[in-house]
Amino acid sequence: MMLGSPSNHTLLNTATFILLGVPGLEAAHLWLAVPLSAMYSVALLGNIIIVTVIWTDSALHEPMYHFLCVLAAVDIVMSTSVTPKMLNIFWSGNGIIGFTACFTQMYIVHATTAIETGLLLAMAFDRYIAICKPLHYQTILTPRTMIGMGMAIIARAITAMTPMTWMVVHLPYCASHVVPHSYCEHMAVAKLACGDHMPSSLYSLIVSFIIVGIDVTFIATSYSLILQAVFSLPSRDARVKALSTCGSHVSVMILYYLPAMVSIYMAWLGQEMVPLHTQVLLADFYLVIPPMLNPLIYGLKTKRIRVRVWNAVTTSLADHICQNSTKEKRPTQVFVMEDSESRCGVQAQK
């Protein structure tokens with residue numbers, strides 16, 4: 001079990017933790033809840049649309065869109081693991097969270113962020129093959145290769161994050177159970193322990209640095225090779241199309257990595273360098289803003305997804321209008337047009 005059973009005295013003393021929300025900004029909790037609710041709603045809706053469109057449209061069953069579909073699903077899990085509890089704290093002030101729920105939340109947050117960085121690397125590799133080795137695209141990115149990459153990404157996240165959670169779970173929590181944060185953030189919880197929390201904190205920092213460092217290095221290498229290939233293309237239209245496709249990926253990666261690194265190192269600098277409420281706010285919105293913007297960026301920059309979503313919306317509206325117009329009239333006969341694109345019947349009145 002990931003959350004193995006701690007000693008009896010530890011379990012009795014740590015039945016629950018209390019999350020404070022944003023320390024120092026308790027009076028502004030209701031004001032923070034409004035934008036957070038809006039961003040979470042947009043994140044859920046946008047990512048559900050991305051998953052639904054890619055899953056149901058066979059024309060989008062390609063490696064790039066498969067990765068995007070999984071990325072959207074991971075964003076849903078990551079934001080949902082923390083945001084509902086945050087909103088509960090901000091709206092009602094109820095910050096009580098159980099021992100198991102707290103460390104499960106911690107594990108999900110770290111595992112999904114590790115999976116997300118792996119997916120960004122896989123998407124960079126996909127674009128490299130598509131642009132630099134287009135003739136070998138189908139032979140390199142086979143379904144078997146895709147499954148292998150996905151399993152490797154998940155296995156790496158589990159292997160890296162399980163020891164960290166295990167170390168934090170087995171620390172003795174015999175003093176304060178008040179977590180100065182909006183969710184069970186690793187450093188905030190570990191600092192409450194009566195024992196030495198430095199091993200788990202150092203492990204978290206080192207593993208994050210290694211995973212992100214490796215992924216960013218390979219991503220930067222991929223896109224440098226992509227840019228060389230793009231600018232050597234003879235056609236201006238081909239260059240613009242390739243840059244547009246990669247532009248959305250680069251935007252998402254900057255949006256993901258920059259706040260993540262800032263958040264991690266701000267936590268290590270401590271309150272002496274960065275106010276606690278600033279650290280907490282950055283960590284909170286980092287788990288909501290990228291999941292909210294990812295589908296918007298891909299939806300705006302990826303023409304095939306944009307067209308599919310627009311077609312789905314217009315078709316739904318057309319069906320709704322047709323149904324309303326049918327209800328308003330009382331037909332005696334209905335002749336259905338054979339044209340498959342027609343959504344309404346031609347009605348003959350007496």
Exercise for the section: Evaluate the criterion side-chain contact (heavy atoms from CB on, under 4.5 Å) for residue pair Val207 and Met164; output intermediate values, then yes/no. Expected result: CA-CA 9 Å; Val207 167; Met164 181 198 71; over 6 Å; no
Practice task
Go through Leu30 and Val34 one step at a time and tell me if the side-chain contact (heavy atoms from CB on, under 4.5 Å) criterion holds.
Solution key: CA-CA 7 Å; Leu30 288 177; Val34 174; over 6 Å; no
Exercise for the section: Under the side-chain contact (heavy atoms from CB on, under 4.5 Å) rule, what do Glu116 and Asn294 come out as? Steps first, then yes or no, please. Expected result: CA-CA 12 Å; Glu116 185 150 338; Asn294 283 354; 3.6 Å; yes
Practice task
Kindly determine whether Phe99 and Phe103 satisfy ring pair (Phe, Tyr, Trp, His ring centres under 6.0 Å), including the steps that lead there.
Solution key: CA-CA 7 Å; Phe99 179 88; Phe103 289 107; 4.9 Å; yes
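Looking at heavy atoms from C-beta onward, Leu25 lies in side-chain contact with Leu281 at the 4.5 angstrom threshold. Two residues are said to be in side-chain contact when any heavy atoms from C-beta on lie closer than 4.5 Å; Ile214 and Phe218 meet this criterion. Contact check for Val22 versus Ser182: side-chain heavy atoms found under the 4.5 Å cut-off. Looking only at side-chain heavy atoms (C-beta outward), Tyr65 and Val53 stay at 4.5 Å or farther from each other. The side-chain heavy atoms of Val168 and His197, taken from C-beta on, include no pair separated by under 4.5 Å. A 4.5 Å side-chain heavy-atom check between Pro84 and Tyr40 finds at least one atom pair inside the cut-off. No side-chain heavy atom of Phe17 sits less than 4.5 Å from a side-chain heavy atom of Leu19. You'll find the side chain of Leu36 stays beyond 4.5 Å of the side chain of Asp284, heavy atoms only.
A disulfide bond (SG atoms under 2.5 Å apart) check over residues 79-115, counting only residues at least two apart or in different chains, returns the pairs Cys102-Cys184. The side chain to side chain donor-acceptor pair (under 3.5 Å) analysis of residues 140-155, with sequence neighbours excluded, yields the pairs Thr142-Thr145. Screening residues 60-97 for disulfide bond (SG atoms under 2.5 Å apart), with sequence neighbours left out, gives no hits.
Smallest separation of non-hydrogen atoms from Met187 and Ser201: SD-OG, 3.5 Å. Of all heavy-atom pairs between Ser222 and Ala124, the closest is CB-O, 4.0 Å. Minimum interatomic distance between Gly21 and Phe90 (heavy atoms only, all atoms of both residues): CA-CE2, 4.0 Å. Across every non-hydrogen atom of Asn88 and Ser92, the tightest pair is O-OG, 2.6 Å. Shortest non-hydrogen contact noted between Leu20 and His29 is O-CE1, 3.3 Å. The shortest non-hydrogen separation linking Ala33 to Trp91 is CB-CE2, 3.6 Å.
One finds the OG atom of Ser79 at 12.5 Å from the CD1 atom of Ile289 (value rounded to the nearest 0.5 Å). With rounding to the nearest 0.5 Å, the separation of NZ in Lys133 from CG in Leu225 is 9.5 Å. Here the SG atom belonging to Cys174 is positioned 10.5 Å from the CG atom belonging to Leu192, to the nearest 0.5 angstrom. Between the CG atom of Asn94 and the NZ atom of Lys85 there is a distance of 4.5 Å, given to the nearest 0.5 Å. Taken to the nearest 0.5 Å, the CD1 atom of Ile89 stands 10.5 Å off from the NE2 atom of His181. Atom CG in Asp126 sits 10.5 Å away from atom CD1 in Ile140 (nearest 0.5 Å).
Between the side chain of Thr117 and the backbone N or O of Ala114 there is no donor-acceptor pair closer than 3.5 Å. Here the side chain of Tyr203 pairs no donor or acceptor atom with the backbone of Met161 at under 3.5 angstrom. In this structure a side-chain-to-backbone donor-acceptor pair under 3.5 Å is present from Ser224 to Thr221. Looking only at distances, a side-chain donor or acceptor of Thr113 sits under 3.5 Å from a matching main-chain atom of His110. His186 places no side-chain N or O within donor-acceptor distance of the main-chain N or O of Tyr107, the cut-off being under 3.5 Å.
Residues Val216 and Met149 are members of one and the same hydrophobic cluster, defined by side-chain heavy-atom contacts under 4.5 angstrom among Ile, Leu, Val, Met, Phe, Trp and Tyr. Cluster membership for Met146 and Trp55, using ILVMFWY side-chain heavy atoms within less than 4.5 angstrom, is not shared. When the side chains of ILVMFWY residues are joined at heavy-atom separations under 4.5 Å, either directly or via intervening members, Leu296 and Tyr286 end up in a single hydrophobic cluster. Cluster annotation: Leu87 is connected to Ile97 through the hydrophobic network of ILVMFWY side chains, with a link wherever side-chain heavy atoms come within less than 4.5 Å. Under a hydrophobic-cluster definition in which Ile, Leu, Val, Met, Phe, Trp and Tyr are linked whenever side-chain heavy atoms come within less than 4.5 Å, directly or via other members, Met39 and Leu71 are assigned to the same cluster.
Scored by the side-chain contact (heavy atoms from CB on, under 4.5 Å) test, Val82 finds Met86, Gln105, Val109, Tyr183, Leu287 as partners (sequence neighbours excluded). By the side-chain contact (heavy atoms from CB on, under 4.5 Å) test, Ile76 pairs with Leu44, Asn47, Ile48, Thr80, sequence neighbours left out. With sequence neighbours excluded, the residues satisfying side-chain contact (heavy atoms from CB on, under 4.5 Å) with Ile206 are Ile210.
For Glu26, the CD atom counts as densely surrounded, since its 6.0 Å shell holds more than 12 non-hydrogen atoms of other residues, nucleotides or ligands.
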